[in-house]
Amino acid sequence: MMNIDVLTLFPEMFEGVLGSSILKKAAEQKAVHYNIVNFREFADNKHKTVDDYPYGGGAGMVLKPQPIFDAVDHLKEQANSKKPRVILLCPQGKPHHQKLAEELAGEQHLIFICGHYEGYDERIRQNLITDEISIGDYVLTGGELGAMVIIDSVVRLLPEVLGNEESHRQDSFSTGFLEHPHYTRPADFRGMKVPDVLISGNHRLIDEWRAKESLKRTYGRRPDLLQKIELTDTQKKWLLEFENEQK
Ligand SMILES: C[S@@+](CC[C@H](N)C(=O)[O-])C[C@H]1O[C@@H](n2cnc3c(N)ncnc32)[C@H](O)[C@@H]1O
């Protein structure tokens, strides 16, 4: 079972997300155990203060190292885990992506540290963590939403969680391409028809249609992804077709 600890000043933010849908089911199935910890409990001063003014002056408050170091030490001891991934949520971190989610899904113990205010004492970044992850090039008020995004992307990949493994092997990014379009019943909705091939029953043609549409989507929306993929001759031929269609 994977252990996920989250250090936050706002534990209540996690109730809805971890208590719903697939993330809730994953915990019920004991694929994962969530432990949401308010690191204010670890502050060793009378007023349980976790932040202080920045040395050198300037706006905003900085999270002190002591409560966060002590909380991480406690969680490592409690889980008896020597090498957890200790993840700092930070807009300056490496961007989150599907390959990283797959890598994290192979770990036994993840500890997320959610910042707030102006940021963290730099010694946390230098001496406590294994990863610094950003969920995008924008600044949020705190790391909680980022932690939830990463947890969701990881937990859904745990082998016990998604019964139908095929479904996430074909997800956008897992294959390197964006996923093909989906349709469900009815075959004709307000005159908008489902492509004939999908109701043909011919699985070879359906697979080919999906592969081509997946490439077309990627070419149209995220051509940058194609730079990273070795295309087959058929895919190269399709790409030329798309390019010619645009002329
Ligand atoms: C207001 S932000 C601090 C931003 C910091 N002053 C900077 O410019 O890098 C407060 C906290 O929110 C979280 N956060 C903000 N944006 C984020 C992002 N894009 N990805 C992950 N975490 C983020 C981090 O935990 C951060 O410490």
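Every heavy atom of this structure was used, including side-chain atoms; hydrogens, water molecules and symmetry mates were not. Being a predicted model, the structure only gives us computed values, none of them experimental. In each ligand, atom 1 is the first atom listed, and ligand 1 is the first ligand listed. Residue indices begin at 1 and follow the sequence shown.
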Novice: Looking at Arg222, Arg221, Gln227, which one forms a side-chain hydrogen bond (donor to acceptor under 3.5 Å, both in side chains) with Asp224?
Specialist: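 It is Arg222, the one option of Arg222, Arg221, Gln227 that forms the side-chain hydrogen bond (donor to acceptor under 3.5 Å, both in side chains) with Asp224.
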
Novice: For atom 2 (S) of ligand 1, state which one of Ile150, Ile133, Leu145, Leu140 supplies the nearest heavy atom.
Specialist: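 The residue whose heavy atom sits nearest atom 2 (S) of ligand 1 is Leu140.
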
Novice: On a heavy-atom basis, I'd like to know which of Cys114, Gly93, Pro91, Pro95 is closest to atom 18 (C) of ligand 1.
Specialist: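 Among Cys114, Gly93, Pro91, Pro95, the closest heavy atom to atom 18 (C) of ligand 1 belongs to Pro91.
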
Novice: Hey, does Ile113 come in under 3.5 Å of ligand 1, counting only N/O atoms on both sides?
Specialist: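 No, there is no polar N/O contact under 3.5 Å.
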
Novice: Does ligand 1 come near enough to Tyr117 that some N or O of the ligand is less than 3.5 Å from an N or O of the residue?
Specialist: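 Checking ligand 1 against Tyr117, no N or O pair falls under 3.5 Å apart.
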
Novice: Under 3.5 Å, N or O to N or O, is Leu89 touching ligand 1 that way?
Specialist: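 Yes; at least one N/O pair falls below 3.5 Å.
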
Novice: For Asn38 and Arg40, indicate whether the former's side chain and the latter's backbone hold a donor-acceptor pair under 3.5 Å.
Specialist: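 Confirmed, Asn38 side chain pairs with Arg40 backbone.
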
Novice: Out of His96, Glu118, Glu132, who gets a non-hydrogen atom closest to atom 5 (C) of ligand 1?
Specialist: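 Result: the heavy atom closest to atom 5 (C) of ligand 1 is in Glu118.
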
Novice: For ligand 1 and Ile135, I'd like to know whether there is a polar contact (N/O to N/O, distance under 3.5 Å).
Specialist: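 Yes; at least one N/O pair falls below 3.5 Å.
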
Novice: Which pairs, with at least one residue in residues 205-216 and sequence neighbours excluded, count as a side-chain hydrogen bond (donor to acceptor under 3.5 Å, both in side chains)?
Specialist: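 side-chain hydrogen bond (donor to acceptor under 3.5 Å, both in side chains) check on residues 205-216 returns Lys212-Glu241.
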
Novice: Considering Gly146, Cys90, Gly143, which one's heavy-atom position lies nearest to atom 21 (C) of ligand 1?
Specialist: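 Heavy atom nearest to atom 21 (C) of ligand 1 belongs to Cys90.
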
Novice: Go through it in stages, so that I can follow the logic: the residues are Tyr120 and Glu132, the test is side-chain hydrogen bond (donor to acceptor under 3.5 Å, both in side chains), and I'd like the CA-CA distance, side-chain angles, deciding distance and then a yes or no.
Specialist: CA-CA 12 Å; Tyr120 314 90; Glu132 221 179 301; over 6 Å; no

Novice: If we only count N/O pairs under 3.5 Å, is His116 in contact with ligand 1?
Specialist: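 Among all N and O atoms of His116, none is under 3.5 Å from an N or O of ligand 1.
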
